[in-house]
Amino acid sequence: MKKLLLILSLVFLLTGCGTNIIYGEVQSVISKDGYIELKILGKDDIVLADENTMVYSFSGIEDGLLSGELIKPYITAYDLKRTPDGSYSKRIYVESVILPEPYVLKDGTELTIRKDYTHTTYFSPEGIDILWEQEPVGPHNVSVGGLPTFDTLNSQTQKQILSYYEDMGILYDLDAELEFAWQCYQKTEEKPMFQSHHLFQDISPSAANDRLIWYTAYVTRPIGDGLHHQTSTHTVFNRETGDIVDIADLFICDEKALGKRILETVSMPDTELSREMEQAFRFEYLNFNNCLDVCFPAGSLISQNTDHILGVDYQALEGFIHPWAIPDPIE
C-alpha cells in the first residue's frame with residue numbers, strides 16, 4: 001500500500017513548467033542600474049530582478065536573497081524576459097540555502113547545513129553529505145488509498161489528532177543520529193563514497209471503520225553500512241470525538257490470551273521461538289490493516305536480533321476481538 005502526499009495545486013501554479021527558466025547556485029548579487037543582478041554559477045546569463053519580482057519559497061528561507069544575505073542559495077528564475085543586460089525574472093523561487101550557523105558536533109567539528117522545502121542536509125567539512133533529514137510528514141496532507149483522508153474527519157477529531165501528534169513530537173534523537181553518522185563517516189576509507197544516512201518520520205492512516213481510525217507513526221533511521229531500519233507506533237482514535245482508544249479495549253480477552261490465540265492461529269510449532277513470542281507478546285506490537293499484524297521488534301525476542309512479523313485474519317479471532325473493532329477491508 002503506497003502512501004501518497006497530497007500536493008497542493010499552489011505548488012504547480014508557482015513552480016510552473018517548461019524551459020523558460022534559469023536554475024543554479026547564486027554566485028553574486030549586485031545592485032546596478034535599477035536592477036538586482038544575480039550571477040548564477042556556471043551560467044553565462046544574468047538573472048535580473050527588481051521590486052516587482054516575486055521572491056518566494058515554501059520553507060520561509062527566501063528573505064535576504066536580493067540583498068545578498070543568503071549563503072549559496074539555489075534558485076529557479078521563472079517567466080524570463082530577455083534584455084540587453086540579462087534575463088529579467090518576474091518570480092524567483094529559492095530552492096535551498098546554507099544556514100548561517102553550522103551544527104557543532106561534540107568533538108568540535110562543524111557541519112554545514114543546507115535547508116530546502118522537503119529536507120535538511122548536513123555536510124562534513126570536506127563537503128560530503130553525511131545525513132539527510134526529511135521534514136516530518138502527516139498526519140494531514142497524507143493520503144492512503146482506500147482510507148479516509150484527514151480532511152474528511154470532523155474538525156474536533158482533526159484537532160484532537162493534531163494535538164496528540166504535536167505532543168508526541170519527533171520520535172528520534174537528531175543529535176545522537178548526527179554523532180552516529182559522523183562516527184560512520186570517520187571510519188569510511190573512501191570518504192566521497194560514503195552513503196548518506198537518511199532520517200525521517202511520517203504519520204499516516206493505516207486502517208478505519210465507521211467507528212474508529214488507526215494512525216501509524218513510522219520512523220526510518222540508519223543502522224550503519226548503508227542500511228536503514230523502520231519502526232512504527234500505532235494509535236487508534238474514535239472517529240467522532242478524536243479520543244484515543246486503548247488497544248486493550250478492542251479485545252474481549254486479556255493480552256496473554258490474545259497472544260496465545262494468535263500463535264495457535266498461525267500454527268506456530270511448539271519451539272523455543274514460539275514460547276519466546278508468547279512470553280514477549282504485547283498489545284503495542286499490533287498493527288491493524290487488512291489483517292492483524294504482530295511485529296516483534298528487534299530485541300524483544302531473546303534468540304532473535306531482527307524484527308519478526310506474524311499476520312492473522314480477523315475472522316480467526318472471533319470471540320477474542322469486538323466486532324466493532326475490526327477495520328473495513330482496504331480495496
Side-chain angles (χ1 to χ4, degrees), residues 7 10-105 109-135 174 178 181-182 185 190-200:
I7 307 300
L10 178 62
V11 174
F12 295 106
L13 176 64
L14 293 179
T15 56
C17 58
T19 58
N20 188 28
I21 64 172
I22 296 177
Y23 168 80
E25 180 184 318
V26 176
Q27 190 174 24
S28 64
V29 179
I30 302 173
S31 180
K32 182 179 179 182
D33 299 331
Y35 288 105
I36 304 296
E37 295 186 351
L38 294 91
K39 175 64 178 174
I40 307 300
L41 186 65
K43 304 290 176 64
D44 294 329
D45 204 359
I46 300 291
V47 175
L48 303 177
D50 60 17
E51 67 276 6
N52 296 315
T53 300
M54 177 185 179
V55 179
Y56 66 101
S57 74
F58 295 114
S59 47
I61 57 175
E62 70 273 17
D63 291 344
L65 174 68
L66 299 185
S67 61
E69 298 173 41
L70 299 186
I71 304 172
K72 295 184 177 181
Y74 276 86
I75 67 166
T76 301
Y78 294 97
D79 296 338
L80 302 176
K81 180 180 180 181
R82 290 291 303 165
T83 76
D85 299 316
S87 294
Y88 174 74
S89 176
K90 292 183 179 180
R91 54 190 179 95
I92 299 175
Y93 177 65
V94 180
E95 304 274 357
S96 69
V97 298
I98 297 291
L99 299 187
E101 297 295 330
Y103 182 90
V104 182
L105 295 164
T109 301
E110 295 185 351
L111 303 179
T112 300
I113 308 171
R114 179 173 285 277
K115 181 174 179 58
D116 69 16
Y117 178 51
T118 61
H119 62 277
T120 303
T121 308
Y122 297 81
F123 294 89
S124 72
E126 297 82 12
I128 306 299
D129 169 5
I130 70 167
L131 188 140
W132 183 96
E133 182 192 21
Q134 178 183 284
E135 290 295 314
L174 176 59
L178 283 166
W182 178 241
Y185 175 75
E190 297 184 30
K191 298 293 193 288
M193 302 301 293
F194 179 75
Q195 294 186 359
S196 175
H197 287 195
H198 288 186
L199 185 63
F200 52 93

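This one's a predicted model, so the numbers in the text were calculated from it and none came from an experiment.
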With a 4.5 Å heavy-atom cut-off, do [X] and [Y] have their side chains touching?
X    : Y    : result
D116 : S59  : no
P102 : T112 : no
V47  : E37  : no
W182 : Y103 : no
I46  : D85  : no
R82  : D45  : yes

Chi angles and distances behind the side chain to side chain contact (heavy atoms under 4.5 Å, CB included) call for Y35, T53 = CA-CA 10 Å; Y35 288 105; T53 300; over 6 Å; no
Without hydrogens or angle criteria, can the side chains of D129 and T121 be said to hold a donor-acceptor pair below 3.5 Å?
-> no
Would you give the length of the straight line joining atom [atom1] of [X] to atom [atom2] of [Y], rounded to the nearest 0.5 angstrom?
X    : Y    : atom1 : atom2 : answer
L70  : D63  : CG    : CG    : 8.0 Å
T109 : L178 : OG1   : CG    : 12.0 Å
I75  : Y93  : CD1   : OH    : 12.5 Å
Q27  : I40  : CD    : CD1   : 9.0 Å
K81  : N20  : NZ    : CG    : 12.5 Å
T120 : I113 : OG1   : CD1   : 8.0 Å

Heavy-atom donor-acceptor pair, [X] side chain to [Y] backbone, under 3.5 Å:
X    : Y   : value
R114 : K72 : yes
S89  : Y78 : yes
K43  : Y23 : yes

Check [X] against [Y] and note the closest heavy-atom contact, atom names and distance.
X    : Y    : value
L66  : D50  : CD1-O, 4.2 Å
I61  : K115 : CD1-O, 3.7 Å
L48  : T83  : CD1-OG1, 3.4 Å
V26  : L38  : CG2-CD2, 4.1 Å
A181 : L131 : CB-CD1, 4.2 Å
V94  : L65  : CG2-CD2, 3.9 Å

Is it the case that K191 places NZ or CZ above or below the six-membered ring of Y185, under 6.0 angstrom from the centre and within 45 degrees of the axis?
->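 Yes - K191 lies over the ring of Y185, closer than 6.0 Å to its centre and within 45° of its axis.
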Check the pair E135, T118 against side chain to side chain contact (heavy atoms under 4.5 Å, CB included), reporting the backbone distance first and the verdict last.
-> CA-CA 5 Å; E135 290 295 314; T118 61; 5.6 Å; no
N52 atom CG, over 12 foreign heavy atoms within 6.0 Å =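 Yes, CG of N52 has more than 12 neighbouring heavy atoms, counting only those of other groups under 6.0 Å.
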Report the relative orientation of the aromatic rings in Y117 and F58; use parallel for angles under 30°, tilted for 30 to 60°, perpendicular for over 60°.
-> tilted
Dump the intermediate steps for side chain to side chain contact (heavy atoms under 4.5 Å, CB included) on E133 and Y122, then the final yes or no.
-> CA-CA 8 Å; E133 182 192 21; Y122 297 81; 3.9 Å; yes
May I ask you to check whether H197 and F194 place their ring centres under 6.0 Å from each other?
-> yes
